Amino acid sequence: MRVKDHPVLSFPEREEITFTYQGKEVTARQGETIAAALHNHGVLELSKSGDKLRPRGLFCSIGKCSSCLMTVDGVPNVRTCITLAQEGMVVEKQEGFPDLPREAEPLEPSSTETRETDVLVIGGGPAGLKASLTAADAGGDVTLVDENPFLGGQLIKQTHKFFGSSDLDAGTRGIAIGDDLVGAVKAHENIEEMTGTSAVGVYKEAVGLYKNMEKFVKLNPGKLIVATGATEKMIPFPNNDLPGVYGAGGIQTLMNVHGVKPGKSAVIVGAGNVGLIVTYQLLQAGVDVQAVVEVAPEIGGYFVHAAKIRRFGVPILTCHTVLEVVGEERVEGVRIGEIDENSELLQESTQYLDVGIVGLSVGLSPSYKLLAHAGCELQLNPVLGGYVPIRDQRMRTTRDDVYVAGDASGIEEATSAMLEGTIAGADAAIELGVGGGREEEKIDDCLNKLKDLRAGPYYRELRKSIQGVEIG
Ligand SMILES: Cc1cc2nc3c(=O)[nH]c(=O)nc-3n(C[C@H](O)[C@H](O)[C@H](O)COP(=O)(O)OP(=O)(O)OC[C@H]3O[C@@H](n4cnc5c(N)ncnc54)[C@H](O)[C@@H]3O)c2cc1C
């Protein structure tokens, strides 16, 4: 189901390619992921789970969960949400744990490579893009890797005008901010960009990168900047694993990047800014949103976002929660109900909504695994979203050659991610001795902007939490 007549986006016709799914030919648009192409053909179930053979569909759509694993050209466990469909590909559904392919051989020597770089940036979202540009502007030689096929991180799907500070891109659409940054990175002669490349481990002598399922690169950086973003959280309720239950960002990727509607009707869980924005974007794409369900007594997002969706007549039901998803193979409906001040269900309040999409917008947790792998000290910090690395104001972790920036350092916004990325990139350049002289000034400017951004009573807890993980 393609999105048509979108008020912000256009999806011009692109060349079509053909691949096979379960032995049948299906079409995809050039530049579309396998999972998006299958969704367009109504295929929601991508695999059966390892142990209980439960149906599994797309959830995060950024390569961070295991919901979309399929066998592609004989290779099992391929993340089809970040793998582009290619002409002639053979795609098969996995039923339980897959076998290792019989012909699996160690990689040929020609498919491994060992290299050096001044700065390796992992993650091409706003934090990583800014870190790369800053270190490269200073004269450093930068390698930027991202496991998604496109640079931009979460920005490539943010069609709304950004909230945040007025002198820091507020009022500009996220996609426009992303386009500018990605354009600058692509044009920069000091930056080598490697998309479709996963950083899989941090070792003593190198960082291991796996490129396009073909090549293993051992990259030895002078400084490493980890800007791996965040992962969508899940909440427990019966059938929360059925195809049709998506993370909010997963819905955005399908609709706003690939122009594919996730379904016809939806319920969104969570009335923070992300939930409200995704609701509005679903409405823009022509999806019927029946309700936004919020367990707290108050809406967490900004009034302006709530007002927009109320104008469409979508109710925002506070003190409500999801009781269960109904369906066998996919979401067929959802039961919701109201809770009292003791979190007890008010039995008479339960209602069934006939929808095919349940969108979860219940928070994000920092993607910290590579930092843990690198031996950086971590702290569990609920306000910042989960485990975050201990660091100083210049984003240096407890390993002096490893930096962090953006959501990986604690969940905030793209604006703070860009400021932190700039700080990390500038400090890495100074430490490597490649700085052009303006880096200290840039760091001071960003630190002041971060202070302004986090000012005010609304951010009191956040400020306290950040101080709690900062050294020095
Ligand atoms: C619906 C929604 C609306 C939002 N609206 C706003 C808004 O209005 N204003 C605002 O300021 N912020 C907004 N945000 C938040 C903002 O998008 C994020 O805070 C920001 O994108 C974080 O930037 P980042 O660079 O840290 O991470 P990301 O943008 O998530 O980028 C991380 C990148 O790292 C890559 N990566 C991860 N692991 C690896 C690995 N092992 N190897 C290689 N690559 C890897 C990922 O593929 C990804 O591209 C919104 C977020 C959402 C979901």
Side-chain angles (χ1 to χ4, degrees), residues 60-64 79 81-82 120-132 143-165 168-175 177-178 181-182 193-202 207-211 225-233 247-253 255-256 268 270 272-282 301-302 304-305 359-361 363-364 366-371 373 385 395 404-421 424 453:
C60 77
S61 214
I62 50 170
K64 299 220 176 174
R79 290 172 291 176
C81 74
I82 57 168
L120 169 60
V121 180
I122 304 176
L129 291 167
K130 274 289 193 185
S132 302
T143 306
L144 169 62
V145 305
D146 198 297
E147 59 188 357
N148 271 272
F150 322 103
L151 287 178
Q154 303 296 310
L155 291 178
I156 62 172
K157 50 201 175 187
Q158 309 303 355
T159 52
H160 60 287
K161 292 183 178 159
F162 260 36
F163 45 83
S165 166
L168 292 169
D169 297 317
T172 309
R173 292 187 199 283
I175 41 174
I177 303 170
L181 292 176
V182 172
E193 162 217 335
M194 289 165 74
T195 49
T197 304
S198 295
V200 291
V202 181
V207 177
L209 307 174
Y210 192 39
K211 186 168 165 49
I225 300 177
V226 178
T228 43
T231 313
E232 302 249 20
K233 285 185 179 165
I251 291 178
Q252 282 194 314
T253 307
M255 283 187 318
N256 301 347
I268 296 296
N273 278 322
V274 172
L276 298 175
I277 286 166
V278 168
T279 301
Y280 187 62
Q281 293 177 353
L282 278 161
Y302 295 153
V304 58
H305 295 312
L360 298 184
S361 169
L364 297 159
S367 294
Y368 65 88
K369 286 180 197 152
L370 286 169
L371 293 155
H373 208 172
M395 307 313 291
V404 66
D407 280 354
S409 69
I411 306 303
E412 283 188 80
E413 296 167 359
T415 330
S416 45
M418 289 188 271
L419 293 169
E420 290 179 350
L453 195 67

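All values reported here derive from a predicted model rather than from experimental measurement. We count ligands from 1, going down the list as the structure has it; atoms in each ligand are counted the same way. We're numbering straight along the sequence, starting at 1.
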Subject >> Proximal atoms of ligand 1 relative to G406 (non-hydrogen, under 4.0 Å) >> reply: 26 (O)
Subject >> Distance-only N or O hit between ligand 1 and I277, under 3.5 Å >> reply: no
Original post:
Of all the atoms in ligand 1, which lie at a distance below 4.0 Å from a heavy atom belonging to G153?
Top reply: 29 (O), 31 (O), 49 (O)
Subject >> Note, M255 side chain near T159 side chain (heavy atom, < 4.5 Å) >> reply: no
Original post:
Which one of T197, T143, V207 satisfies the side chain to side chain contact (heavy atoms under 4.5 Å, CB included) criterion with I122?
Top reply: V207
Subject >> Sub-4.0 Å atoms of ligand 1 with respect to non-hydrogen atoms of K64 >> reply: 37 (C)
Original post:
Taking only heavy atoms of A227, which atoms of ligand 1 are found under 4.0 Å from at least one of them?
Top reply: 32 (C), 33 (C), 34 (O)
Subject >> Q252 N/O to ligand 1 N/O under 3.5 Å >> reply: no
Original post:
If you take all heavy atoms of I268 and V278, which pair is closest and at what distance?
Top reply: CD1-CG1, 4.2 Å
Original post:
With a cut-off of 4.0 Å, which atoms of ligand 1 are near a heavy atom of T415?
Top reply: 11 (O)
Original post:
Any N or O of A127 that comes nearer than 3.5 Å to an N or O of ligand 1?
Top reply: yes
Original post:
If you round to the nearest 0.5 Å, how far is CD of Q158 from CD1 of I156?
Top reply: 9.5 Å
Original post:
How long is the span from the CD atom in E420 to the CD1 atom in I225, to the nearest 0.5 Å?
Top reply: 12.0 Å
Original post:
Are P126 and ligand 1 in contact, using a heavy-atom cut-off of under 4.0 Å?
Top reply: yes
Original post:
Non-hydrogen atoms of S198 versus ligand 1: any pair closer than 4.0 Å?
Top reply: yes
Subject >> Test item: E232 side-chain N/O and G249 main-chain N/O as donor-acceptor pair under 3.5 Å >> reply: yes
Subject >> Atom indices of ligand 1, in the order listed, that fall short of 4.0 Å to a heavy atom of T197 >> reply: 42 (N), 43 (C)
Original post:
What is the distance from atom NZ of K161 to atom OG1 of T172, rounded to the nearest 0.5 Å?
Top reply: 9.0 Å
Subject >> side-chain hydrogen bond (donor to acceptor under 3.5 Å, both in side chains) against K64, all qualifying residues, sequence neighbours excluded >> reply: S367
**OP:** Give the single entry among A199, G196, G125, S367 that approaches atom 41 (N) of ligand 1 most closely by any heavy atom.
**Re:** A199
Original post:
What do the steps show when you test I62 against K157 for side-chain contact (heavy atoms from CB on, under 4.5 Å), and what is the final call?
Top reply: CA-CA 11 Å; I62 50 170; K157 50 201 175 187; 3.5 Å; yes
**OP:** Using heavy-atom distances, let me know which of A417, G63, A414, G421 sits nearest atom 11 (O) of ligand 1.
**Re:** A414
Original post:
Pick one: which of V121, I82, L151 meets side chain to side chain contact (heavy atoms under 4.5 Å, CB included) with D146?
Top reply: L151
**OP:** Please indicate whether any nitrogen or oxygen in V274 is less than 3.5 Å from any nitrogen or oxygen in ligand 1.
**Re:** no
Subject >> ligand 1 N/O within reach of K161 N/O, cut-off under 3.5 Å >> reply: no
Original post:
Looking at CG of L209 and CD of E147, how far apart are the two atoms once the value is rounded to the nearest 0.5 Å?
Top reply: 11.0 Å
Subject >> Atoms in ligand 1 flagged as close to L370, the criterion being non-hydrogen separation under 4.0 Å >> reply: 41 (N)
**OP:** Using a strict 4.0 Å cut-off to heavy atoms of I122, name the atoms of ligand 1 that fall inside it.
**Re:** 40 (C), 42 (N), 43 (C)
Subject >> Distance-only N or O hit between ligand 1 and A408, under 3.5 Å >> reply: no
Subject >> H160, any N or O under 3.5 Å of ligand 1 N or O >> reply: yes
**OP:** May I ask which of K369, K130, Q154 has a heavy atom nearer to atom 17 (O) of ligand 1 than the others do?
**Re:** Q154
Original post:
Counting distance only, does the side-chain N/O of S132 pair as donor-acceptor with the main-chain N or O of G128 below 3.5 Å?
Top reply: yes
